[in-house]
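Every number for a ligand or one of its atoms is a count from 1 in the order of the listing. Computed over heavy atoms, backbone and side chain alike; hydrogens, waters and symmetry mates excluded.
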Amino acid sequence: MSELKGKKISFIGGGNMAQALISGLLARGIKPNDITVADPSQDIRDALKSQKINTVDPTGTTDTNNPQIAAKTADVIVLAVKPQVMDKVVADFADVLDRQLVISVAAGLSTDSLSKMLGGYQNIVRAMPNTPAMIQKGATGLYANDSISETDKQLAATLMAASGLVSWVEQEEQLHAVTAVSGSAPAYFFYMIESMIEAGVEQGLDRKQAAALAMQTALGAAQMAITSGEAPAELRRKVTSPNGTTQAAIESLQQDDFAGIIKKAMQACYTRSEQISQELAD
Ligand SMILES: NC(=O)C1=CN([C@@H]2O[C@H](COP(=O)(O)OP(=O)(O)OC[C@H]3O[C@@H](n4cnc5c(N)ncnc54)[C@H](OP(=O)(O)O)[C@@H]3O)[C@@H](O)[C@H]2O)C=CC1
Ligand SMILES: O=C(O)[C@@H]1CCC=N1
C-alpha cells in the first residue's frame with residue numbers, strides 16, 4: 001500500500017462498484033479523508049460522509065461543491081459511472097486534468113474512446129473489477145497502453161489489489177474476456193446458488209438450511225480449487241464415486257450441455273462488451 005500513502009483518490013460515481021473498491025481501500029488502512037466521491041445521490045453521499053469520506057455533488061455549482069473539485073484535488077481518479085453516461089459526466093471536469101492517473105472501470109469503453117471524451121488526455125488505465133471487492137475477494141483485470149509510466153501502472157495495481165487479485169492483460173481486447181470470466185461472473189455463481197436453494201427446497205429442505213448448505217459448499221469448492229494445487233477436473237473426479245450420486249448429477253449436467261451453456265453465456269457477455277465498445281466509439 002506504500003504507493004497509495006498520502007495519495008488523494010477521487011471516485012466519480014459512488015454506486016455499487018465504487019463502494020466495493022472503497023471498502024477494500026478502507027480495509028487496507030487508506031484514510032477516509034484521502035478519498036472523495038462525486039455522486040448525485042444524497043443518500044449515497046450521506047452514507048459515505050458517515051464513514052468520514054469526502055463527498056461532492058456533481059450537480060453542484062458552488063466553489064467548494066462542484067464536479068471539478070473531485071478531479072482537481074486528486075492524484076488518482078476512478079471513473080465508476082455507467083459507460084453510457086461517461087461522455088456527459090467527464091465533460092464537466094476534463095479540462096482540469098493535468099497529471100492525474102485516471103482509472104476507468106467502465107465495461108466496454110475503450111481507452112481511445114475515453115481519451116477522446118477527456119479531450120485527448122492519455123494517462124488512463126482500464127480496470128475490470130468485480131463486486132467481491134467489497135470483501136477483499138475481488139478479481140480485477142487491468143490494461144495500460146505503452147504510454148503509461150511504470151509508476152502509474154504500479155499505482156493502479158496497488159489500488160485495485162486492495163480489493164483482491166489483480167491480473168494485467170497485454171491486449172485491450174482481452175478485457176472483454178476478463179469481463180466474461182470475472183467481471184460479470186459473480187452473477188453466474190449467485191444464479192447457481194439461487195437455483196440450488198430452490199431445488200433443495202423442492203426436495204424437502206428448509207429454505208435457510210438449503211441456503212446455508214449451498215453457500216458453504218460454494219465457498220468450500222472455490223477455496224479448494226484455489227488452495228489444493230489440483231485442477232478443478234481432478235477435484236470433481238474425487239467427489240464422483242463410480243455409479244454413485246455425483247455421477248448421476250454430472251451426467252445429467254452433461255446431457256444438458258452444461259459446458260456449452262456456460263460457454264454461450266460467456267460469449268453473450270463478451271459480445272455485449274464488444275457492442276458497448278462500438279456504440280461508444282461511434
Ligand atoms: N457492478 C459491477 O459488478 C461492475 C461494474 N463495473 C462498471 O462500473 C461502473 C459503475 O457500475 P455500478 O457501480 O454497478 O453502477 P451504479 O449505477 O451502482 O453506480 C454508478 C453511480 O454513478 C452515479 N452518477 C451518475 N451521474 C453521475 C455524475 N455526473 N457524476 C458522478 N456520479 C454520477 C449514479 O447516480 P444515479 O444512479 O443517481 O444516476 C450511480 O450512483 C460501470 O461502468 C460498470 O460497467 C465494472 C465491473 C463490475
Ligand atoms: O453488467 C455490467 O455491465 C457490469 C460490468 C461487469 C459487471 N457488471
Side-chain angles (χ1 to χ4, degrees), residues 9-24 35-48 53-61 65-72 74 77-94 96 102-111 113-114 117-118 124-135 137-143 156 159-160 163-167 169 175-191 265-266 268-277 279-280:
I9 306 164
S10 287
F11 285 80
I12 309 297
N16 294 314
M17 202 57 245
Q19 288 175 36
L21 295 173
I22 290 168
S23 303
I35 301 175
T36 299
V37 180
D39 194 285
S41 156
Q42 183 75 53
D43 286 351
I44 287 181
R45 294 203 306 276
D46 286 347
L48 292 164
I53 291 166
N54 307 301
T55 62
V56 168
D57 178 0
T59 63
T61 51
N65 195 14
N66 68 63
Q68 302 199 342
I69 293 288
K72 217 188 273 182
I77 300 170
V78 181
L79 300 178
V81 297
K82 298 285 184 205
Q84 291 80 4
V85 299
M86 188 68 84
D87 200 358
K88 205 167 152 284
V89 171
V90 300
D92 285 335
F93 58 80
V96 306
V102 173
I103 302 176
S104 167
V105 302
L109 178 62
S110 73
T111 309
S113 298
L114 180 56
M117 294 173 187
L118 293 172
I124 300 167
V125 169
R126 278 187 64 193
M128 177 43 61
N130 63 15
T131 53
M134 185 76 77
I135 53 163
K137 300 286 183 203
T140 297
L142 283 168
Y143 169 77
L159 192 149
M160 302 311 290
S163 306
L165 177 145
V166 296
S167 181
V169 294
L175 284 181
H176 299 307
V178 171
T179 307
V181 171
S182 56
S184 290
Y188 323 155
F189 289 106
F190 295 136
Y191 196 19
M266 286 176 60
C269 183
Y270 188 108
T271 302
R272 182 62 195 130
S273 181
E274 278 186 323
Q275 279 169 356
I276 293 173
S277 221
E279 286 163 13
L280 299 174

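Applying the 4.0 Å criterion to heavy atoms of Ala107 picks out, from ligand 2, the atoms 5 (C). Within ligand 1, counting atoms from 1 as listed, the ones closer than 4.0 Å to a heavy atom of Ala38 are 31 (C), 32 (N). Each of the atoms 43 (O), 45 (O) of ligand 1 lies under 4.0 Å from some heavy atom of Ala107. Residue Gly183 has at least one heavy-atom neighbour below 4.0 Å for each of these atoms of ligand 2: 6 (C), 7 (C).
Among the atoms of Ser41, none of the N or O lies under 3.5 angstrom from an N or O of ligand 1. Some N or O of Asn16 is nearer than 3.5 Å to an N or O of ligand 1, by distance alone.
If you look at Met128 next to ligand 1, the close heavy atoms, those under 4.0 Å, all belong to the side chain. Contacts between Pro186 and ligand 1 below 4.0 angstrom, taking non-hydrogen atoms only, are absent altogether. Residue Ala80 touches ligand 1 through its backbone alone, judged by heavy-atom distances below 4.0 Å. In Ile44, the part holding a heavy atom less than 4.0 Å from any atom of ligand 1 is the side chain.
Ranking protein heavy atoms by distance to atom 39 (O) of ligand 1, first place goes to Pro40 CG, 4.4 Å. Closest to atom 46 (C) of ligand 1 among all protein heavy atoms lies Val105 O, 3.2 Å.
With rounding to the nearest 0.5 Å, the separation of CE in Met134 from CG in Leu21 is 9.0 Å.
In this structure, atom 22 (O) of ligand 1 has a protein heavy-atom contact shorter than 4.0 Å.
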